[in-house]
Amino acid sequence: MYGAGDVRVEHRPDPKIEQPTDAIVRVVLSCVCGSDLWPYASMPATGTGRPMGHEFLGVVEETGSDVATLRAGDVVVTPFTYCDNTCDFCLKGLHSSCRHGGRYGLDGDVYGQWRAMQELYGQGRIKAIGVSNFYPDRLIDLIDHNEVAPAVNQIETHPFFQRTADQQLMGERGVQIESWGPFAEGRNNLFTHPLLSEIADAHGKSVPQVVLRWLIQRGVVVIPKSVRPDRMAQNIDVFDFELTDDETARIATLDTGHSLFFDHRDPAMVGQLGQVRVSD
Ligand SMILES: [Zn+2]
Ligand SMILES: [Zn+2]
């Protein structure tokens with residue numbers, strides 16, 4: 001498929017056994033699935049195209065040396081994701097979340113993955129599904145074209161990138177905002193910032209405690225990471241004071257309105273992130 005409505009039939013290179021756990025399967029029957037209709041209706045035109053199809057029935061032609069349960073001539077059916085059937089997720093029956101899994105001919109397909117998770121959610125096998133780094137346009141698109149809305153959207157949220165408009169929109173759509181990088185990883189000298197230090201002193205607290213308190217008062221879920229027990233104790237000790245309206249108004253002036261890390265809407269960054277493989 002090269003774009004919406006643009007489906008071509010082409011020759012493809014013959015597959016080869018690359019890993020000892022691979023099998024080559026000759027497709028005998030396949031079909032057009034509902035999942036194909038989304039890109040058929042809306043996929044942006046591309047010069048390279050991508051293979052369609054999944055959920056096929058086929059015959060095993062050849063197997064790698066480590067394949068013990070299949071041999072040439074076996075008839076097989078596949079779901080639309082592949083998996084190793086041995087990792088912790090697979091052993092719980094959550095094959096579409098396999099640590100070494102993916103989709104045939106198509107990685108980085110957020111909607112395909114979302115629908116696989118949605119299915120597990122519908123079966124009651126997982127309790128909640130969420131996303132990360134979704135800007136409002138992508139979030140609304142995901143919600144409007146799927147059955148289950150994300151429970152959370154984890155986004156960069158700290159005093160220098162406050163995300164109030166994002167939070168408002170998520171609230172309207174029933175999506176909980178969760179902060180990553182609550183301390184901006186120390187950028188802009190957050191830990192010694194004059195305004196934050198002044199507010200911290202006024203409450204006999206530290207700057208990180210003020211930041212956590214500020215996020216919690218805003219209704220932002222925050223999970224600060226620390227491996228040090230004293231920091232963990234400090235991070236949870238934020239429920240015995242309250243920031244005043246004046247203090248939160250002053251913190252609001254620190255918002256720069258943009259990321260201190262990288263821009264998830266920059267095409268070059270999107271391309272780069274799309275190459276990252278969690279299993280590598
Ligand atoms: Zn399908
Ligand atoms: Zn697995």
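Counting starts at 1 for both ligands and their atoms, in listed order. Throughout, residue positions are numbered sequentially from 1 according to the sequence presented.
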Smallest heavy-atom separation, E178 atom then V220 atom, equals C-CG1, 4.4 Å

Side chain of [X], backbone of [Y]: donor and acceptor closer than 3.5 Å?
{"X": "E156", "Y": "L260", "result": "yes"}
{"X": "Y111", "Y": "L142", "result": "yes"}
{"X": "D263", "Y": "R265", "result": "yes"}

Could you count the protein N, O or S atoms found under 2.8 Å away from the Zn ion (ligand 2)?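 My tally for this metal is 4.
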
* Asked: Should the pair R99-D84 be classified as a salt bridge under the 4.0 Å nitrogen-to-oxygen rule?
  ->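 Not counted as a salt bridge, because no side-chain N and carboxylate O are separated by less than 4.0 Å.
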
#### Entry: Cation over ring face, R163 and Y135, 6.0 Å, 45°
yes

